[in-house]
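A quick write-up on the structure given underneath.
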Amino acid sequence: MNFIALLVISACFFSWNSAKYHHHNQDKDKELKYLLEPLVYAEVTARRGHTVVLPCVMRFKPSHYRIKWTKIEPPSQGVENIVLITNGHADKQYGSVGPRASLLRAHNLDVSLRLTDLELEDDGSYRCELINGIEDESVIITLRIEGVVFPYQSHHGRYRFTFFDAKEACAEQDATLATYKQLYRAWTEGLDWCNAGWLSDGTVNYPVLQPRPACGGDLLSGIRSYGLRHKTRDHYDAFCFTSTTKGSVFFIPGPFSSAEAERACRRDGASLAKVGQIYSSWKFQQLDHCDGGWLQDGSVRFPIINPRERCGGIAEPGVRSFGYLGKSLRLYGAYCYR
C-alpha cells in the first residue's frame, strides 16, 4: 500500500455516564429545566428483533411544546433523521424507523420512545428534544444493538470491495457494515485481524491485539486506520455486523458438493446458511461443531465455542474458514438455516 496507516488511540465510546443538554448556538452545557436527565444510564442495549424503550421524561409541561425524537448518529446523508414528532395530542412518524416507533406514555410526563422489531441499522444515538420556541432542550440516549463483528472477503480474493460492494456484500450475508464503535467493541472482546476493511462511515480500519511485523509492523495494539478512502476507486475487505436471528443454524453431515449441500438443506425445509447467520448462531446460540460445512456464499466454515486440539488447532473460540473452495469438491457437510 502506498500510504501510512495511522494508529488510532481510541477512547471508550460505549460507556456514557450522563446525557447533557446543549442549548442552540452555545457550547456550554446548561441545566435541564423541562426534561429529566437519565438517572441510571444513557445507553440501552437490545438485540435485533426485540422491543426497546429509550427513556425521556418531562419534569413538568410547558403551556405549548413539541417533542421531537431524532436519530443523530450515525448521521444520515444530508437530511435530519427525524423519527417522531408529537405536540402532546397527535403523533407523526417519519422515515424508515417511524412505522416501528411510538411513545410509551407510561404516565402524563412520559415521552419515552418505544421501538419494536429492532433492525441492525437502528444502532446509534437518539435525541429527545423539547421545543417550545423559547428554551429548547434535549437529552441524548444511545441504543446499542448487541451483536458480533466479522471480517468478510470477496470470493475473488483479498481487497476486492469498493465501499458500495462491501455494503452490498454484508447485506447479502444478513449483516450490515459495522460502525467504528462496533469494531472498537469487538477489538476489546478479542478481535485481531490483519486485513483492512470498510466501515459504515467510509473509513478503512483493522483491529490488532498482538502487534507483529507481518501485521503492519510492531506498533502499539489498537484500531489501525487508513482514514476516509475513495468509495469507488479504493478496494478493501469489509467488517460486517450482525445480531440475533429468528431462526437457527444446524449441521448436516456430508460429504457434499456445494449444490448437494443446498439440496440437503432444502430436504429439511431450510437453506444453506449465510455467513452472518452462522456467526449469529455461534455468538448467541453457542453453536459448536468441528466439521467444515458449505455456506450459501460458497465458503466452507465451522464454528467453535470450546477450542480443542483436534479442531482447528487454534486456542480461541471463533468461526473458522477454509475459504472459497471448488464447489464440486465433495469433502464437507452443510450448515443450514431454518
Side-chain angles (χ1 to χ4, degrees), residues 14 45-50 118 120 123 144-153 170 172-176 178 181-195 197 206-210 215 221 237-256 258 261 264-265 268-325 331-338:
F14 44 80
T45 301
R47 296 178 180 180
R48 177 169 57 177
H50 290 193
L118 288 175
L120 298 175
D123 184 277
R144 182 172 69 84
I145 302 297
E146 187 180 355
V148 56
V149 172
F150 60 93
Y152 192 69
Q153 191 173 93
C170 289
E172 288 174 352
Q173 299 308 315
D174 192 42
T176 185
K181 291 182 181 181
Q182 289 165 346
L183 182 66
Y184 181 88
R185 177 176 286 273
W187 172 72
T188 66
E189 294 173 349
L191 182 60
D192 182 285
W193 197 254
C194 264
N195 292 342
Y206 64 102
V208 177
L209 281 175
Q210 303 295 331
C215 193
S221 62
D237 293 341
F239 286 105
C240 303
F241 174 82
T242 193
S243 183
T244 48
T245 60
K246 294 180 179 179
S248 60
V249 173
F250 61 95
F251 180 76
I252 300 178
F256 301 128
S258 177
C265 290
D268 274 16
S271 60
L272 276 175
K274 299 179 179 181
V275 177
Q277 291 166 344
I278 196 171
Y279 269 95
S280 177
S281 288
W282 167 76
K283 172 77 172 179
F284 296 106
Q285 299 177 17
Q286 303 295 290
L287 182 64
D288 183 296
H289 207 89
C290 207
D291 296 309
W294 292 101
L295 297 183
Q296 193 177 106
D297 68 340
S299 65
V300 174
R301 305 175 192 250
F302 63 98
I304 293 299
I305 294 293
N306 301 304
R308 49 256 195 210
E309 184 177 350
R310 296 186 179 181
C311 194
I314 301 176
E316 295 81 21
V319 177
R320 310 282 184 250
S321 176
F322 291 116
Y324 298 95
L325 306 177
L331 288 176
Y332 303 103
Y335 284 102
C336 307
Y337 175 79
R338 181 177 57 206

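Small disclaimer: the values here were computed from a predicted structure and weren't measured.
- With contacts defined as side-chain heavy-atom distances shorter than 4.5 Å, the pair Ile305/Trp282 qualifies.
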Phe302 vs Phe322, test: ring-ring contact (aromatic ring centres under 6.0 Å, His included). Steps then yes/no. CA-CA 9 Å; Phe302 63 98; Phe322 291 116; 5.7 Å; yes
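- The shortest distance between side-chain heavy atoms of Ser281 and Phe250 does not fall below 4.5 Å.
- When every heavy atom of Leu272 is checked against every heavy atom of Ala334, the shortest pair comes out as CD2-CB, 4.0 Å.
- Counting heavy-atom neighbours within 6.0 Å of Glu189 CD, excluding the residue itself, gives a total above 12.
- Of all heavy-atom pairs between Gly293 and Phe251, the closest is CA-CE1, 4.2 Å.
- Note on ring orientation: taking the six-membered ring where Trp is involved, the planes of Trp187 and Tyr184 are tilted (angle from 30° to 60°).
- When every heavy atom of Pro303 is checked against every heavy atom of Ile278, the shortest pair comes out as CD-CD1, 4.1 Å.
- A heavy-atom distance below 4.5 Å is not found between the side chains of Val319 and Phe150.
- No cation-pi contact links Arg301 to Tyr335, judged by a cut-off of 6.0 Å to the six-membered ring centre and 45° from its axis.
- Residues Asp291 and Pro253 fail the side-chain proximity criterion, which asks for heavy atoms closer than 4.5 Å.
- Residue pairs meeting the salt bridge (Lys or Arg N to Asp or Glu O under 4.0 Å) criterion with at least one partner in residues 303-324, sequence neighbours excluded, are Asp288-Arg308.
- Of the N and O atoms on the side chains of Tyr337 and Asp174, not one donor lies less than 3.5 Å from an acceptor on the other residue.
- Separating the OG atom in Ser248 from the CG atom in Leu287 is a distance of 8.5 Å, to the nearest 0.5 Å.
- Within the 4.5 Å cutoff, the side chain of Val300 has no heavy atoms near those of the Leu295 side chain.
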Kindly indicate, with the supporting measurements, whether the criterion side chain to side chain contact (heavy atoms under 4.5 Å, CB included) is fulfilled by Gln182 and Phe239. CA-CA 10 Å; Gln182 289 165 346; Phe239 286 105; over 6 Å; no
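- Put simply, CH2 on Trp294 and OH on Tyr332 are 7.5 Å apart, with the number rounded to the nearest 0.5 Å.
- In this structure, Ile314 and Pro307 have side chains that are not in contact, with every pair of non-hydrogen atoms separated by 4.5 Å or more.
- For the side-chain hydrogen bond (donor to acceptor under 3.5 Å, both in side chains) with Arg48, the qualifying choice from Asp123, Thr244, Thr242 is Thr242, the only one to do so.
- Counting heavy atoms from C-beta outward, Tyr152 and Asp237 have side chains that stay 4.5 Å or more apart.
- With Gln296 contributing its side chain and Lys274 its backbone, the two residues share no donor-acceptor pair below 3.5 Å.
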Pair Val275, Ser299 - check side chain to side chain contact (heavy atoms under 4.5 Å, CB included), show working. CA-CA 9 Å; Val275 177; Ser299 65; 4.3 Å; yes
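- Distance check: Arg144 CZ to Arg185 CZ gives 3.5 Å after rounding to the nearest 0.5 Å.
- For the atom pair Cys311 SG and Ile304 CD1, the distance stands at 3.0 Å (nearest 0.5 Å).
- The two atoms that bring Arg338 and Asp268 nearest to each other are NH1-O, 2.7 Å, heavy atoms only.
- Once rounded to the nearest 0.5 Å, the distance linking CZ of Arg47 with OG of Ser280 reads 9.0 Å.
- Counting all heavy atoms, side chain and backbone alike, Tyr206 lies closest to Asn195 at CB-O, 3.5 Å.
- Atom CD of Gln173 is separated from atom CG of Asp297 by 4.5 Å, given to the nearest 0.5 angstrom.
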